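Here the structure is a predicted model, which is why all the values come from computation and not from measurement. Count residues from 1 along the sequence. All heavy atoms count here, side chains included; hydrogens, waters and symmetry mates do not.
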Amino acid sequence: MEVKKDSLKAWVLAARPKTLTGAAVPVMIGLSLAWCDAKTYEGQPFCWWAAVLCLLFAFVMQIDANLINDFIDYAKGTDDRETRLGPERACAQGWVSIDRMKHAIAIVTSLACVIGLPLAWQGGLEMILVGLLCVVFCFLYTTHLSYMGLGDVLVLVFFGLVPVCATYYVQLHTVSLEVLVASLACGLVIDALLLVNNFRDRDTDRAAGKNTLVVRIGERATMVAYVGVGVVACLSGVVFALNGRWWAFGLPFVYLVFHMLTFLKMRRIWKGKALNRCLGETARNIFIYGLMLSLGILLTSHP
């Protein structure tokens with residue numbers, strides 16, 4: 001691929017726009033729950049500007065994480081243009097200079113803070129702490145924690161618990177059992193993306209000393225884990241059924257069909273760059289899950 005150094009195209013590729021679905025889905029779910037529940041909390045109308053800022057903050061933080069990952073993995077030698085199996089990275093390919101990437105990370109991190117700060121007006125000062133944790137762990141993930149096999153835990157927390165619960169909390173200043181369950185289910189579904197990514201890179205990660213969960217538990221157990229996160233996420237929706245939200249329980253099973261089809265393809269391919277097709281399908285499946293669950297929530301009035 002011909003890409004001019006430090007060009008607009010280079011920066012778009014570095015930002016990895018295809019990953020933004022993973023940032024959007026938790027906010028979609030949190031906003032859907034808040035929209036339906038707002039009428040049950042007197043004096044807490046749905047705040048549209050806060051909803052937009054939550055989505056923008058999630059997008060900018062995802063881009064920030066992508067830039068940090070691009071820079072740190074290149075600096076540590078994990079991204080080798082000769083051996084890399086995943087999509088090409090900006091620093092490793094020479095599309096973006098190291099100094100420019102450092103400046104971009106500083107700018108995007110600052111932008112995320114500017115976008116997130118007004119949420120403290122709507123959600124309370126505790127939102128500042130949530131934002132700071134997001135920024136800190138955005139750096140810690142790539143620099144240390146992903147090399148220790150904690151990436152999956154961080155996905156569960158920062159693509160599940162934190163964004164879903166915080167988005168809901170900004171609107172209604174509380175968190176319910178349904179919100180907690182939905183956040184955990186969302187984190188599990190998004191973790192499928194990390195499982196595919198690390199399954200594809202298991203040999204190079206092992207050689208680089210990056211002890212991901214896949215490296216630790218092995219290939220067969222990873223296959224079980226991939227199926228498991230989708231199944232558990234869907235079955236956890238029984239909480240919605242018990243609370244009268246039958247659409248919210250049933251519609252996400254549409255996602256499970258696509259999830260299993262991707263699993264079968266992943267098992268058939270097993271190794272190499274061809275697994276990038278499964279990565280793309282998993283990203284699509286995550287969006288299907290978010291869409292189905294959000295639609296199911298909106299179709300079912302809270303009792």
> Between the side chain of D70 and the main-chain N/O of C91, is any donor-acceptor distance below 3.5 Å?
Replying inline: yes
>> Less than 4.5 Å apart, side chain to side chain, heavy atoms only: is that true for D201 and K210?
In response: no
> Quick one: is the NZ or CZ of R202 closer than 6.0 Å to the six-membered ring centre of F199, and within 45° of its axis?
Replying inline: yes
> Does L213 offer a backbone N or O that forms a donor-acceptor pair with the side chain of N198 under 3.5 Å?
Replying inline: no
> Do the rings of Y169 and H173 sit parallel, tilted or perpendicular, given the 30° and 60° boundaries?
Replying inline: tilted
> In Å and rounded to the nearest 0.5 Å, what is the CG to OG1 distance from L53 to T167?
Replying inline: 11.0 Å
> What distance separates L33 CG from I297 CD1, expressed to the nearest 0.5 Å?
Replying inline: 3.5 Å
> Any donor and acceptor pair, going by atom type alone, linking the side chain of N66 with main-chain N or O of A15 inside 3.5 Å?
Replying inline: yes
>> Here's a test for you: under side-chain contact (heavy atoms from CB on, under 4.5 Å), which of C113, P163, C138 qualifies with M61?
In response: C138
>> Just so I know, are the side chains of L279 and R200 near enough to count as touching, which here means a heavy-atom distance under 4.5 Å?
In response: yes
>> In the structure I gave you, are the side-chain heavy atoms of F46 and L31 within less than 4.5 Å of one another anywhere?
In response: yes
> Any side-chain donor-acceptor pair under 3.5 Å between E281 and N285?
Replying inline: no
>> Has H259 got a side-chain atom pairing as donor or acceptor with V231's backbone, closer than 3.5 angstrom?
In response: no
>> Treating R216 as the side-chain partner and M148 as the backbone partner, does any N or O pair qualify as donor plus acceptor under 3.5 Å?
In response: yes
>> Side chains of F139 and T109, heavy atoms from C-beta outward: is any pair under 4.5 Å?
In response: yes
> Who passes salt bridge (charged side-chain N to carboxylate O under 4.0 Å, His left out) against R267, sequence neighbours left out?
Replying inline: none
>> If I take atom CG from residue L13 and atom NZ from residue K18, how far apart are they, to the nearest 0.5 angstrom?
In response: 9.5 Å
> How about Y168 and D37: do any of their side-chain heavy atoms sit closer than 4.5 Å?
Replying inline: yes
>> Does the structure place the NZ or CZ of R100 under 6.0 Å from the centre of the six-membered ring of W95, at an angle of no more than 45° from the ring's axis?
In response: no
>> For R206, is there an ion pair with D203 - N to carboxylate O distance below 4.0 angstrom?
In response: yes
> Does W121 reach the side chain of V170, with side-chain heavy atoms less than 4.5 Å apart?
Replying inline: no
> Heavy-atom distance under 4.5 Å between the side chains of T282 and M266, does that happen here?
Replying inline: no
> Side chains of K265 and L261: does their closest heavy-atom pair fall under 4.5 Å?
Replying inline: no
> When rounded to the nearest 0.5 angstrom, what is the spacing between CZ in F253 and CZ in F258?
Replying inline: 15.0 Å
